Protein chains: 2
Amino acid sequence: MTDEPRAWRVVLESIERDLLDGRLRPGDRLPGERTLSADLGVGRSSVREALRVLEVLGLIRTATGSGPSAGAIIVALPGGGMSALMRLQVAATGFAVADIVGTRLVLETAVAADLAESAPKRSLEASVGLLDVMESRTLSADEFLALDAQFHLSLAEASGNQVIAATMAGLRSSIESYVRAGASTLPSWEATSARLMLEHRDIVRAIESGDAAVARATVHSHIENYYSETNLPAHRVVGLPETVPDATPRGT
Amino acid sequence: MTDEPRAWRVVLESIERDLLDGRLRPGDRLPGERTLSADLGVGRSSVREALRVLEVLGLIRTATGSGPSAGAIIVALPGGGMSALMRLQVAATGFAVADIVGTRLVLETAVAADLAESAPKRSLEASVGLLDVMESRTLSADEFLALDAQFHLSLAEASGNQVIAATMAGLRSSIESYVRAGASTLPSWEATSARLMLEHRDIVRAIESGDAAVARATVHSHIENYYSETNLPAHRVVGLPETVPDATPRGT
DNA sequence: GTAGAGTGTGTGGTCTGACCACACCACGAA
DNA sequence: TTCGTGGTGTGGTCAGACCACACACTCTAC
């Protein structure tokens, strides 16, 4: 193989440049594959390879047909690609589950603390709504865990940092099968889920109380203990501040 | 378009399944494109589209020829893909620069605190080595910033959480052009870089002192003030604990 | 026995072409 | 004005041709 640039990279880099220079922005439509192919002097297959990368990374969505919604449209979904990347890296053991959990603890405790001390208060309406749903009926473990993930993500979204939210969503998604498998090892799913719901309320209460340290600690133990309880691989906790000692039980 | 699964997704999901089930692991070679095409009943182009995704996400590397190093080999580089993803999302305004900076602050302060309180102490040899290089000769802004990025990353690596390290590398890389552009707006690059180097030493000293709060605060102001000084978009700091008030100056 | 040259094979990389389904859009007929 | 048809351009997919590459093997010469 020569030092010739890979044809698909030529396409990818061209599009990245256009994005950086503002020539392309979310909502814009890329030229058609055949046009890109001719303009960049590469084969249509190479164009498609680059577009596939962009699609999986959440940068574009594609549709057939003609008219304004056809073709490849720039979307730039913040969550795009993060889940796929993390899931695959975990699957291939590039990311250790323990490190995923540790990272999650760092981010989620920071989010909780931020929400606790933010002024003016950020709305936890979405989060509370999810708790209402979770408490309103009996849910299977899978249903519960899906809503649980949404609850955690809703806090990140309330904090307003989309990078953190996307990263957290990706982290959660990457170990979803582990979390699910863990649930089936529990002596009593009913007891655990009931406790988890109480803890969710604790988290919301801690945040609303404005005490960042308590919010941190509540989230921390909530997450850490679910993993301990379900025997997920041990993780090292990275750089969390001293937690407030309390009798806060276990978590997701 | 029908509900038929996309051909390239069939390939991608098949490989993900094999990774999850342990049938494929790092170091293994995938079947050749033509074989995968026949086995999965899709065209070779579709196989290639999926492989391109995996390649950019850092899951495989490809090589022509024959013999043990030819073909698509599973690599699962932890840093793989994260830079590409974040760079593209920032380019497409899916990730706001301010959120990138905020996330970076969360992760890097957590790393510093972790290193400060870890027992036994983790080696900062690589980090200190980089500082020695930076201080041993006059560097252009670009050279300096490259080593600066390496220094920060070396701390993350010393903390041992590869997910955090990969994420931080991606975060830094995604705003590299901003950081670079910022450097050229400074009244005196020489003065700023000299100060930054002193601050790097402060960070190492704070970590070695074992005081997590000081380590956090030192990293925090180091990073935050470089961005303020170079007028990077304002960011909101997410959930950092009270910092120790001190006269710690500015940072990268 | 060893080294070098030639050949064959399987690999990825690229391009081209054919055809399909789709989603409009324009035009003509009722 | 409404409806139907044909045309057009879009992405999606597959097949095929050919290339460069990197071996692995065989044969020949020394």
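Here the structure is a predicted model, which means the values were calculated and not measured. Atoms considered below: every heavy atom in the structure, side chains included; atoms not considered: hydrogens, waters and symmetry mates. Reminder, nothing fancy here: chain letters follow the sequence lines and each chain counts from 1.
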Any donor-acceptor pair under 3.5 Å from [X] side chain to [Y] backbone:
| X | Y | answer |
| --- | --- | --- |
| Glu108(A) | Leu155(A) | no |
| Asp21(B) | Arg23(B) | no |
| Ser37(A) | Val42(A) | yes |

To the nearest angstrom, how far is [X] atom [atom1] from [N] atom [atom2]?
| X | N | atom1 | atom2 | answer |
| --- | --- | --- | --- | --- |
| Arg61(A) | dA23(C) | CZ | P | 11 Å |
| Leu36(A) | dT16(C) | CG | C1' | 17 Å |
| Leu54(A) | dG11(D) | CG | P | 13 Å |
| Glu49(A) | dG11(D) | CD | C1' | 16 Å |
| Leu30(A) | dG11(D) | CG | P | 9 Å |
| Arg52(B) | dG13(C) | CZ | P | 5 Å |
| Leu12(A) | dT14(C) | CG | P | 13 Å |
| Asp28(B) | dT11(C) | CG | P | 16 Å |

Residue pair Ser140(B) / Glu143(B), side-chain donor-acceptor N/O under 3.5 Å
yes

Specify whether Phe151(B) and His200(B) have parallel, tilted or perpendicular ring planes, treating 30° as the upper limit for parallel and 60° as the lower limit for perpendicular.
tilted

Give the nucleotide from the list [options] with an atom nearest to the side chain of [X].
| X | options | value |
| --- | --- | --- |
| Arg6(A) | dC24(C), dG12(D), dG13(C) | dG13(C) |
| Thr64(B) | dT10(D), dC25(C), dT11(C) | dT11(C) |
| Ala7(B) | dA20(D), dT13(D), dC23(D) | dT13(D) |

Take Glu55(A) and Gly65(A), find for each the nucleotide of DNA chain D with the closest heavy atom, and name the residue whose nucleotide sits nearer the 5' end.
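Whichever sits nearer the 5' end wins; that is Gly65(A).
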
Note: [X]-[Y] ion pair, threshold 4.0 Å (strictly below):
| X | Y | answer |
| --- | --- | --- |
| Arg48(A) | Glu33(A) | yes |
| Arg52(B) | Glu49(B) | no |
| Arg180(B) | Glu176(B) | yes |

Classify Arg29(B) by what it touches in the nucleic acid, base, sugar-phosphate, or nothing, heavy-atom distance under 4.0 Å.
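Nothing, no nucleic acid heavy atom in range.
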
With a 4.5 Å cut-off on side-chain heavy atoms, are Leu107(A) and Leu107(B) touching?
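Side-chain contact under 4.5 Å: yes.
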
So if I take the C1' atoms of five pairs at each end of the helix from dG1(C)-dC30(D) to dA30(C)-dT1(D) and get each local axis, what angle do the two axes make, rounded to 10 degrees?
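Axis angle across the helix from dG1(C)-dC30(D) to dA30(C)-dT1(D), nearest 10°: 10°.
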
Specify the residues of residues 38-48 of chain B, ordered by number, for which at least one heavy atom lies under 4.0 angstrom from an atom of DNA chain D.
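Per residue number, the list reads Gly41(B), Val42(B), Gly43(B), Arg44(B), Ser45(B), Ser46(B).
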
Donor/acceptor link under 3.5 angstrom from Arg34(B) side chain onto base of dG12(C)
yes

Between Thr35(B) and Gly67(A), just flag the one whose closest nucleotide in DNA chain C comes earlier from the 5' side.
Thr35(B)

When you check the phosphate oxygens OP1 and OP2 of dA22(D), does a side-chain N or O of Ser69(B) lie under 4.0 Å from one of them?
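Looking at the OP1 and OP2 atoms of dA22(D), neither is under 4.0 Å from any side-chain N or O of Ser69(B).
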
Assess the residue pair Tyr178(B) and Val101(B) against the criterion (side-chain contact (heavy atoms from CB on, under 4.5 Å)); give the C-alpha distance rounded to whole Å, side-chain angles, the decisive distance to 0.1 Å, and a yes or no.
CA-CA 11 Å; Tyr178(B) 290 89; Val101(B) 175; over 6 Å; no

